[in-house]
Amino acid sequence: MNFKLSNRARLHILGAALTLIAIGVPTAKAQGDYPSRPIRLIVPFATAGVTDTSARIVAEKLGQKLGQQVIVENKPGAAGNIGTQLVAQAEPDGYTLVLGYDGTLVINPNVYAKVPFDSVKDFAPIGKIGDAILLIAANPKIGVNNYSELLTYAKTVPNGLSYGSAGTGSTSHLAGEMLRQRAGVPMTHVPYKGGGQALIDVVGGTLPITFAAVTGAMPFIKGGQIKAIAVTSRQRAPSLPDVPTLNESGLPGFEISSWVGLLAPARTPKPIVDKLSTALKQVMEDPDMRDRLAALGIVATPGSADEFGQEISRDLEKNKSIVKAANIKLD
């Protein structure tokens with residue numbers, strides 16, 4: 001069957017095609033020129049903390065690599081949910097990014113009844129920055145030198161071995177619950193308003209153990225005021241090469257660390273995400289960057305956007321089972 005188009009119809013089709021081309025060209029050009037203006041990096045926490053400081057170090061180097069300034073903006077509130085939601089709802093053009101934190105992205109969705117974003121569907125992972133390794137810090141007076149001795153000691157303590165954390169729903173809280181569930185020993189959670197005070201109480205002897213960041217614990221380890229029993233990461237901490245992992249100590253597969261990384265809103269064009277991911281990976285491989293992060297207790301872990309996305313999904317599921325078994329809930 002043959003169809004003949006009138007001249008008017010041909011003009012309509014030609015006009016529509018030209019319109020589509022006109023729309024597509026600026027978009028492609030915009031992606032090709034990216035970035036052509038400063039980029040906002042939203043940190044969903046207050047200034048001066050480790051997350052904020054790490055973001056500013058990365059932003060400086062990333063801006064140099066991209067040829068545009070990366071400006072850090074702090075948007076604290078609701079345990080990081082407010083700033084993270086802001087980016088989830090931002091224009092997906094690569095000019096608004098968020099510092100992703102394990103507490104916000106893979107713990108909050110499991111401990112809060114509702115969070116205003118989906119950690120997987122609402123973001124395009126760019127890449128991981130690094131891990132802040134945790135360790136089991138014990139008061140030397142309890143006479144525990146390794147994981148095996150800790151288990152033996154825990155079984156002798158009435159009402160279970162007390163352990164401190166940075167607060168209910170924190171990474172250190174989940175580390176303790178994961179140990180309790182995997183090792184099958186009675187343990188009692190003692191939440192603090194930050195890990196620093198919990199560590200001070202271990203030093204003072206009012207608390208037997210806590211799960212502490214390596215950097216914060218290091219001065220007390222060197223001073224002999226606390227004993228480093230084991231680290232909770234997959235690899236040993238570079239600053240504590242003689243301290244074994246829990247995986248090595250008898251808990252195969254045990255791994256939990258606090259991490260940070262960069263994400264963009266979902267639907268950000270892939271060429272832009274790829275450019276950001278490549279630039280971030282190059283920045284993270286810089287020895288100076290590694291040293292500056294190490295001073296904050298963060299071990300640089302450069303990788304691809306896909307690897308970071310997979311880790312987020314894995315941690316969401318892992319934490320879901322820990323939180324459910326421990327019945328951890330926050331309003």
**Shortest non-hydrogen contact between Val120 and Ser313, atoms and distance** = CG2-OG, 3.9 Å
**Message:** salt bridge (charged side-chain N to carboxylate O under 4.0 Å, His left out) for Asp286 and Arg292? Distances and angles first, verdict last.
**Reply:** CA-CA 10 Å; Asp286 183 341; Arg292 294 175 70 182; over 6 Å; no
**Asked** Hey, does Leu97 have a side-chain heavy atom less than 4.5 Å from the side chain of Leu276?
**Response** yes
**Request:** Kindly say whether Ser36 contributes a backbone atom to a donor-acceptor pair with the side chain of Tyr95 at under 3.5 angstrom?
**Result:** yes
**Message:** Tell me whether Asn139 contacts the main-chain N or O of Val202 through its side chain, where contact means a donor paired with an acceptor under 3.5 Å.
**Reply:** yes
**Prompt:** Applying the 4.5 Å side-chain criterion to the ILVMFWY set and letting contacts propagate, would Leu134 and Ile322 be lumped into a single cluster?
**Reply:** no
**Prompt:** Looking only at heavy atoms, what is the nearest atom pair of Pro92 and Pro269, with distance?
**Reply:** O-CD, 3.2 Å
**Message:** Please check: side-chain N/O of Ser277 versus main-chain N/O of Ile126, any donor-acceptor pairing under 3.5 Å?
**Reply:** yes
**Request:** Would you sort out whether Val185 and Leu161 count as a side chain to side chain contact (heavy atoms under 4.5 Å, CB included), showing the intermediate values?
**Result:** CA-CA 8 Å; Val185 294; Leu161 176 64; over 6 Å; no
**Message:** Let me confirm one number: the CZ-CH2 distance from Phe308 to Trp259, rounded to the nearest 0.5 Å.
**Reply:** 4.5 Å
**Prompt:** Take atom CG in Asn159; do more than 12 heavy atoms of anything else shown fall under 6.0 Å from it?
**Reply:** no
**Prompt:** Where the side chain of Asn319 meets the backbone of Val106, is there a donor-acceptor pair that is under 3.5 Å apart?
**Reply:** yes
**Check: Ser165 and Phe211 side chains under 4.5 Å, non-hydrogen atoms** = no
**Request:** Nearest 0.5 Å please: distance from the CD atom of Gln197 over to the CG atom of Leu207.
**Result:** 10.0 Å
**Prompt:** Checking Thr53 side chain against Val50 main chain: does a donor-acceptor pair fall under 3.5 Å?
**Reply:** no
**Item:** Heavy-atom side-chain contact between Arg180 and Tyr163 under 4.5 Å
**Value:** no
**Prompt:** Is the closest side-chain heavy-atom distance between Leu293 and Ile129 below 4.5 Å?
**Reply:** yes
**Test log, rule side chain to side chain contact (heavy atoms under 4.5 Å, CB included), inputs Arg56 and Thr47** = CA-CA 10 Å; Arg56 292 179 187 277; Thr47 59; 4.0 Å; yes
**Asked** Can you hop from Met178 to Ile136 via hydrophobic side chains spaced under 4.5 Å?
**Response** yes
**Asked** Taking all atoms of both residues into account, what is the closest heavy-atom pair of Thr245 and Arg234, and its distance?
**Response** CG2-O, 3.7 Å
**Asked** Which heavy atom in Ile39 sits nearest to a heavy atom in Gly94, and how many Å separate them?
**Response** CG2-O, 3.8 Å
**Item:** Short side-chain to backbone donor-acceptor contact, Arg40 and Thr96, under 3.5 Å
**Value:** no
**Prompt:** With sequence neighbours left out, what residues match Asp102 under side chain to side chain donor-acceptor pair (under 3.5 Å)?
**Reply:** Thr171, Ser258
**Complete:** Leu296 and Thr215 have their tightest heavy-atom pair at C-OG1, 3.6 Å
**Item:** Pairing residues for Glu149 by the salt bridge (Lys or Arg N to Asp or Glu O under 4.0 Å) criterion, not counting sequence neighbours
**Value:** none
**Asked** Side chains of Leu135 and Leu240: does their closest heavy-atom pair fall under 4.5 Å?
**Response** yes
**Item:** Within one Ile-Leu-Val-Met-Phe-Trp-Tyr cluster: Val70 and Met284, side-chain cutoff 4.5 Å
**Value:** yes
**Asked** Do we see a donor-acceptor contact under 3.5 Å between the side chains of Tyr192 and Asp201?
**Response** yes
**Asked** Should Glu255 and Asn247 be marked as a side chain to side chain contact (heavy atoms under 4.5 Å, CB included) after you check the CA-CA gap, both sets of side-chain angles, and the distance that decides it?
**Response** CA-CA 7 Å; Glu255 178 189 355; Asn247 180 71; over 6 Å; no
**Message:** Measuring only between side-chain heavy atoms, which start at C-beta, is Ile209 closer than 4.5 Å to Ile142?
**Reply:** yes
**Fill in**
dist Thr104:OG1 -> Tyr112:OH (nearest 0.5 Å) comes out at 9.0 Å
**Asked** Are Leu246 and Val243 linked, directly or through other ILVMFWY residues, by side chains that come within less than 4.5 angstrom of each other?
**Response** no
**Prompt:** If Ile, Leu, Val, Met, Phe, Trp and Tyr residues are connected whenever their side-chain heavy atoms lie under 4.5 Å apart, and connections chain through other members, are Ile312 and Val273 in the same group?
**Reply:** no
**Request:** Measure the spacing between CG of Leu179 and CG of Leu174 and express it to the nearest 0.5 Å.
**Result:** 12.5 Å
**Complete:** Output for pair (Glu73 CD, Leu99 CG), nearest 0.5 Å, gives 13.5 Å
**Prompt:** Are Thr84 and Asn108 close enough that some pair of their side-chain heavy atoms sits under 4.5 Å apart?
**Reply:** no
**Request:** State, with a plain yes or no, whether a side-chain heavy atom of Leu105 is found less than 4.5 Å away from one of Leu263.
**Result:** yes
**Message:** Return the CZ to CD1 distance between Phe45 and Ile82, rounded to the nearest 0.5 Å.
**Reply:** 11.0 Å
**Fill in**
Correct closest heavy-atom pair for Ser54 and Ile298 would be CB-CD1, 3.7 Å
**Message:** Taking side chain to side chain contact (heavy atoms under 4.5 Å, CB included) as the definition, give me every residue that meets it alongside Val203, ordered by chain and number, with sequence neighbours left out.
**Reply:** Phe220, Gln225, Ile226
**Message:** Can you confirm whether more than 12 heavy atoms, excluding those of Gln89, are under 6.0 Å from its CD atom?
**Reply:** yes
**Asked** Under 30°, 30 to 60°, or over 60°: which ring-plane class applies to His173 and His189, parallel, tilted or perpendicular?
**Response** parallel
**Message:** Donor-acceptor check, side chain of Lys275 to backbone of Tyr34, threshold 3.5 angstrom: yes or no?
**Reply:** yes
**Request:** Walk me through it: do Asp131 and Ser233 pass the test side chain to side chain contact (heavy atoms under 4.5 Å, CB included)?
**Result:** CA-CA 9 Å; Asp131 293 307; Ser233 51; over 6 Å; no
**Request:** Answer yes or no: does atom NZ of Lys75 have more than 12 heavy-atom neighbours from other residues, nucleotides or ligands under 6.0 Å?
**Result:** no
